[in-house]
Trainee: 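Here it is: the structure, laid out below.
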Amino acid sequence: MSEQTIALVTGANKGIGYEIAAGLGALGWRIGVGARDRQRRETAVEKLHAAGIDAFGVPLDVTDDASVATAAKLIADHAGGLDVLVNNAAINGITGNLPQTPTTVDPATVRTIVETNVIGVIRVTNAMLPMLHASASPRIVNISSSVGSLALQTTPGIDMGPVPAAYLASKTFLNAVTIQYVKELGDTNILINSGCPGLTATDFTGFSGDRTPQQGAAIAIRLATLPDDGPTGGFFDDAGVVPW
Ligand SMILES: NC(=O)c1ccc[n+]([C@@H]2O[C@H](COP(=O)([O-])OP(=O)(O)OC[C@H]3O[C@@H](n4cnc5c(N)ncnc54)[C@H](OP(=O)(O)O)[C@@H]3O)[C@@H](O)[C@H]2O)c1
């Protein structure tokens, strides 16, 4: 494997994912820009190249087995391996239509969101694991959200706002999955952590967040660049530890 650190960011064509790619690329890393739409992917790669970043496009739909398998092969062929995986891609299903409640949500919406936000992470992670195992300092960063924290959801006095129910539960599900990966891979050198970007102005929130995508990307960049003796199995935002 080359000495240059290789990272894959899923959903890197816009929003927080793009800024994670830009931030890691600015460190001199080689960045796989995982994106499902060819035009949006190529535009992002061109923008990163214009900023002097060593980026390459990775066609990737996290809901599609064949797409994910092809992405893993492309990274192996093109970059020779993978050191850091940032699972960022997600949907909330109903932007602009809040609140969404458990009693009103369409089961199909729940299924679609879980397919992307949870099963997509499992699918991509498992496809990339052989390359991560071969890395000297592998990292997995799962982009979660504090709204998925059961501890915060059940703390009296904390109002999570009108968060879509299916999206919120998908992040709780993802947190549980992240912990299970940590348990299974705990005796390897892979550091696995979750990060919450905070309420960020992107398409995802109808641009209602008070943080910029660059600010939202900061926690993922910190977790992707942890030293070898850094934490694993944690959930963090810019302020510190988020309770599971
Ligand atoms: N924004 C916030 O306030 C906030 C707060 C907490 C956590 N988060 C989390 O931060 C992450 C990024 O959110 P964001 O605000 O940057 O959202 P965004 O601007 O909507 O970007 C989401 C990205 O995910 C991609 N994506 C969706 N489904 C995909 C699929 N099946 N395969 C591949 N890529 C797919 C999108 O690609 P397309 O362009 O093709 O749709 C897009 O690149 C998400 O995990 C989100 O849950 C966001």
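Just follow the structure's listing: the first ligand is 1, and inside any ligand the first atom is 1. Note: hydrogens, waters and symmetry copies are ignored here, and every other heavy atom, side chains too, is used. All figures in this text were calculated on a predicted structure; none of them were measured in a lab.
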Trainee: A quick test of your reading: do over 12 heavy atoms of other residues, nucleotides or ligands sit less than 6.0 Å from CD of Glu115?
Mentor: yes
Trainee: Could you tell me the residue and atom name of the protein heavy atom closest to atom 20 (O) of ligand 1, and the distance to it rounded to 0.1 Å?
Mentor: Phe204 CD1, 3.4 Å
Trainee: For atom 46 (C) of ligand 1, what is the nearest protein heavy atom, given as residue, atom name and distance?
Mentor: Tyr167 OH, 3.6 Å
Trainee: Side chain or backbone of Thr10 under 4.0 Å from ligand 1, or both, or neither, by non-hydrogen atoms?
Mentor: neither
Trainee: In the protein, what heavy atom is nearest to atom 3 (O) of ligand 1, and what distance, to one decimal place, separates them?
Mentor: Thr200 N, 2.7 Å
Trainee: Give the cluster check for Ile158 versus Val147: same hydrophobic cluster or not, with ILVMFWY residues linked at side-chain heavy-atom distances below 4.5 Å.
Mentor: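 Yes, same cluster.
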Trainee: Find out whether Trp29 and Val84 are in side-chain contact, i.e. whether some heavy atom of one side chain is under 4.5 Å from a heavy atom of the other.
Mentor: yes
Trainee: For Asp237 and Ser146, which I'm curious about, is there any donor-acceptor pair between the side chains at under 3.5 Å?
Mentor: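 No - no donor-acceptor pair under 3.5 Å links their side chains.
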Trainee: Of Val62, Leu60, Val68, Asp61, which is the lone residue that meets side-chain contact (heavy atoms from CB on, under 4.5 Å) with Asp64?
Mentor: Asp61
Trainee: As a quick check of understanding, evaluate salt bridge (charged side-chain N to carboxylate O under 4.0 Å, His left out) for Arg222 and Asp238, giving each step before the final call.
Mentor: CA-CA 9 Å; Arg222 187 160 75 77; Asp238 282 352; 5.6 Å; no
Trainee: Would you check whether Lys171 has a nitrogen or oxygen atom less than 3.5 angstrom from a nitrogen or oxygen atom of ligand 1?
Mentor: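 Yes, there is a polar N/O contact under 3.5 Å.
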Trainee: Between Tyr18 and ligand 1, find which residue part has any heavy-atom pair under 4.0 Å and reply side chain, backbone, both or neither.
Mentor: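 None of Tyr18 does.
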Trainee: Where is the nearest protein heavy atom to atom 41 (O) of ligand 1: which residue, which atom, and how far?
Mentor: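 For this ligand atom, the closest protein heavy atom is Arg36 NH2, 2.8 Å.
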Trainee: By number and element, which atoms of ligand 1 are closer than 4.0 Å to a non-hydrogen atom of Leu199?
Mentor: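 So the answer, numbered in order with elements, is 3 (O).
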Trainee: When you compare ligand 1 with Ile91, is there at least one nitrogen or oxygen pair between them that comes in under 3.5 angstrom?
Mentor: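 For ligand 1, there is no N or O atom that lies under 3.5 Å from one belonging to Ile91.
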Trainee: Hey, are the side chains of Ile192 and Leu185 touching, using non-hydrogen atoms and a 4.5 Å cut-off?
Mentor: yes
Trainee: If you measure from each non-hydrogen atom of Thr202 to ligand 1, which part falls under 4.0 Å: side chain, backbone, both or neither?
Mentor: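 Contact part for Thr202 vs ligand 1: side chain (C-beta onward).
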Trainee: Looking at side-chain heavy atoms only, is the closest gap between Ile140 and Leu191 below 4.5 Å?
Mentor: no
Trainee: Out of all atoms in ligand 1, which are within 4.0 Å of some heavy atom of Gly15? Include the element for each.
Mentor: 16 (O), 19 (O)
Trainee: Minimum distance, heavy atoms only, to atom 4 (C) of ligand 1: which one of Gly198, Ala35, Ala217 is it?
Mentor: Gly198
Trainee: Count the heavy atoms of every other residue, nucleotide or ligand shown that sit under 6.0 Å from CZ of Phe173, and state whether that count exceeds 12.
Mentor: no
Trainee: Heavy atom to atom 11 (C) of ligand 1, shortest distance: which of Asn88, Val58, Ile16 holds it?
Mentor: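 Minimum heavy-atom distance to atom 11 (C) of ligand 1 goes to Asn88.
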Trainee: For atom 32 (N) of ligand 1, which protein heavy atom lies nearest, and how many Å away is it?
Mentor: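 Minimum-distance protein heavy atom for atom 32 (N) of ligand 1 reads Val62 N, 3.0 Å.
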Trainee: Can you confirm, on distance only, whether ligand 1 has an N/O atom lying under 3.5 Å from any N/O atom belonging to Asn13?
Mentor: yes
Trainee: What's the shortest distance from atom 10 (O) of ligand 1 to any protein heavy atom, and which residue and atom give it?
Mentor: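 Here the nearest protein heavy atom works out to Ile143 CG2, 3.3 Å.
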Trainee: If the cut-off is 4.0 Å to any non-hydrogen atom of Arg40, which atoms of ligand 1 fall inside it?
Mentor: 38 (P), 39 (O), 40 (O)
Trainee: Look at Glu42 together with Arg38 and state whether they make a salt bridge at an N to O cut-off of under 4.0 Å.
Mentor: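 So Glu42 pairs with Arg38 through a salt bridge.
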Trainee: Are any of the N/O atoms in Thr205 less than 3.5 Å from those in ligand 1?
Mentor: no
Trainee: Relative to ligand 1, is Ser144 under 4.0 angstrom through side chain, backbone, both or neither, heavy atoms considered?
Mentor: backbone
Trainee: Just by distance, no angles: are the side chains of Thr101 and Thr103 close enough, under 3.5 Å, to form a donor-acceptor pair?
Mentor: yes
Trainee: Any nitrogen or oxygen of Asp37 lying under 3.5 Å from a nitrogen or oxygen in ligand 1? Just yes or no.
Mentor: no
Trainee: Heavy atom of Arg211 under 4.0 Å from ligand 1?
Mentor: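 Arg211: no contact with ligand 1 (<4.0 Å).
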Trainee: With distance as the sole test, does Glu19 use its side chain to make a donor-acceptor pair with the main-chain N or O of Gln215 at under 3.5 Å?
Mentor: no
Trainee: Show the atoms of ligand 1 that are less than 4.0 angstrom away from any heavy atom in Ser145.
Mentor: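 In order of number, 6 (C), 7 (C).
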Trainee: Would you mind listing which atoms of ligand 1 come within a distance below 4.0 Å of any non-hydrogen atom of Ala90?
Mentor: 22 (C), 24 (O), 27 (C), 44 (C), 45 (O), 47 (O)
Trainee: List every atom of ligand 1 that sits less than 4.0 Å from any heavy atom of Leu60, numbering the atoms from 1 in the order shown and giving each element.
Mentor: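 Close to Leu60: 32 (N), 33 (C).
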Trainee: May I ask whether Gly209 places a heavy atom under 4.0 Å from ligand 1?
Mentor: no
Trainee: Are Val141 and Leu85 close enough that some pair of their side-chain heavy atoms sits under 4.5 Å apart?
Mentor: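 No, their side chains stay 4.5 Å or more apart.
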Trainee: In the protein, what heavy atom is nearest to atom 26 (N) of ligand 1, and what distance, to one decimal place, separates them?
Mentor: Ala89 CB, 3.7 Å
Trainee: For the residue pair Ser194 and Asn175, establish whether any side-chain heavy-atom pair is separated by less than 4.5 Å.
Mentor: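 With C-beta onward as the side chain, the pair touches.
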Trainee: With a cut-off of 4.0 Å, which atoms of ligand 1 are near a heavy atom of Gly11?
Mentor: 23 (C), 24 (O), 25 (C), 43 (O)
Trainee: Inspect the contact between Lys14 and Asp37 and indicate whether a charged nitrogen and a carboxylate oxygen are less than 4.0 angstrom apart.
Mentor: no
Trainee: If only side-chain N and O atoms count, and only distance matters, is there a donor-acceptor pair under 3.5 Å linking Asn126 with Tyr181?
Mentor: yes
Trainee: Establish, from distance only, whether the side-chain atoms of Ser67 and Thr70 form a donor-acceptor pair under 3.5 Å.
Mentor: no
Trainee: How far is atom 21 (O) of ligand 1 from its nearest protein heavy atom, and which residue and atom name does that atom have?
Mentor: Lys14 CE, 3.8 Å
Trainee: Can you sort out which atoms of ligand 1 are near Thr63, meaning under 4.0 Å from one of its heavy atoms?
Mentor: 31 (N)
